[in-house]
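Only one structure is covered here, and it is reproduced in the block below.
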Amino acid sequence: GFADYAPRLAECVRSAADKSLGDQNVDDLGFALAGMVIGFTRSWIESGRRGRLADRTQRVVDLFLHGAVGAREQMR
């Protein structure tokens, strides 16, 4: 479940993190990423599984790495 999944993502973030994260709490980042992934997956399921779930991956990555404003600017 979520309680197992989020710490795994936190560990992935921790292993990939560099100094650009500053003093961000990596566990919080893992939980945020897990919530986004689960939210996008649920949205895809509720849409009747239209399209490929993998096609939404870039949007999750953009939101996670750049935030809502940064992701929008990256799409221009």
Side-chain angles (χ1 to χ4, degrees):
F2 186 82
D4 295 323
Y5 183 60
R8 287 187 201 151
L9 285 179
E11 191 54 42
C12 290
V13 171
R14 184 176 289 107
S15 68
D18 59 20
K19 298 203 186 285
S20 66
L21 289 178
D23 62 351
Q24 294 285 338
N25 182 311
V26 178
D27 293 323
D28 288 347
L29 293 173
F31 274 88
L33 181 56
M36 290 172 57
V37 169
I38 290 170
F40 271 77
T41 301
R42 183 175 178 144
S43 171
W44 174 73
I45 290 169
E46 290 177 357
S47 76
R49 298 181 181 188
R50 282 183 285 133
R52 294 176 344 117
L53 180 58
D55 292 341
R56 299 177 183 213
T57 303
Q58 190 60 51
R59 181 77 174 130
V60 172
V61 171
D62 287 343
L63 284 171
F64 181 72
L65 294 178
H66 306 290
V69 174
R72 186 178 65 207
E73 290 175 3
Q74 293 288 327
M75 294 171 68
R76 290 182 186 172

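Heavy atoms only: backbone and side chains are in, while hydrogens, waters and symmetry mates are out.
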Mind listing the closest non-hydrogen atom pair of [X] and [Y] along with its distance?
{"X": "V26", "Y": "A10", "result": "CG1-O, 3.2 Å"}
{"X": "R50", "Y": "R56", "result": "O-NH2, 4.2 Å"}
{"X": "F40", "Y": "L53", "result": "O-CD1, 4.3 Å"}
{"X": "A3", "Y": "P7", "result": "O-CD, 3.0 Å"}

Exercise for the section: Compute whether any side-chain donor of one residue and acceptor of the other, for Q24 and D28, lie under 3.5 angstrom apart. Expected result: no
Exercise for the section: May I ask you to test the R14-D27 pair for a side-chain heavy-atom distance under 4.5 Å? Expected result: yes
Handout entry: Side-chain heavy atoms of V13 within contact of F64, under 4.5 Å
Key =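 Yes. Closest side-chain heavy atoms under 4.5 Å.
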Handout entry: Rounded distance (nearest 0.5 Å) linking atom CG of L33 with atom CD1 of I38
Key =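 Here the interatomic distance stands at 9.5 Å.
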Practice task
Could you point out which residue of D62, V60, D55 forms a side-chain contact (heavy atoms from CB on, under 4.5 Å) with Q58?
Solution key: D62
Exercise for the section: Output yes when a side-chain donor or acceptor of T41 lies under 3.5 Å from a complementary backbone atom of V37, and no otherwise. Expected result: yes
Practice task
Please confirm whether the backbone N or O of A54 pairs with a side-chain atom of W44, one donor and one acceptor, at under 3.5 Å?
Solution key: no
Practice task
Decide, yes or no, whether a salt bridge links R8 with E11 under the criterion of side-chain N to carboxylate O below 4.0 Å.
Solution key: no
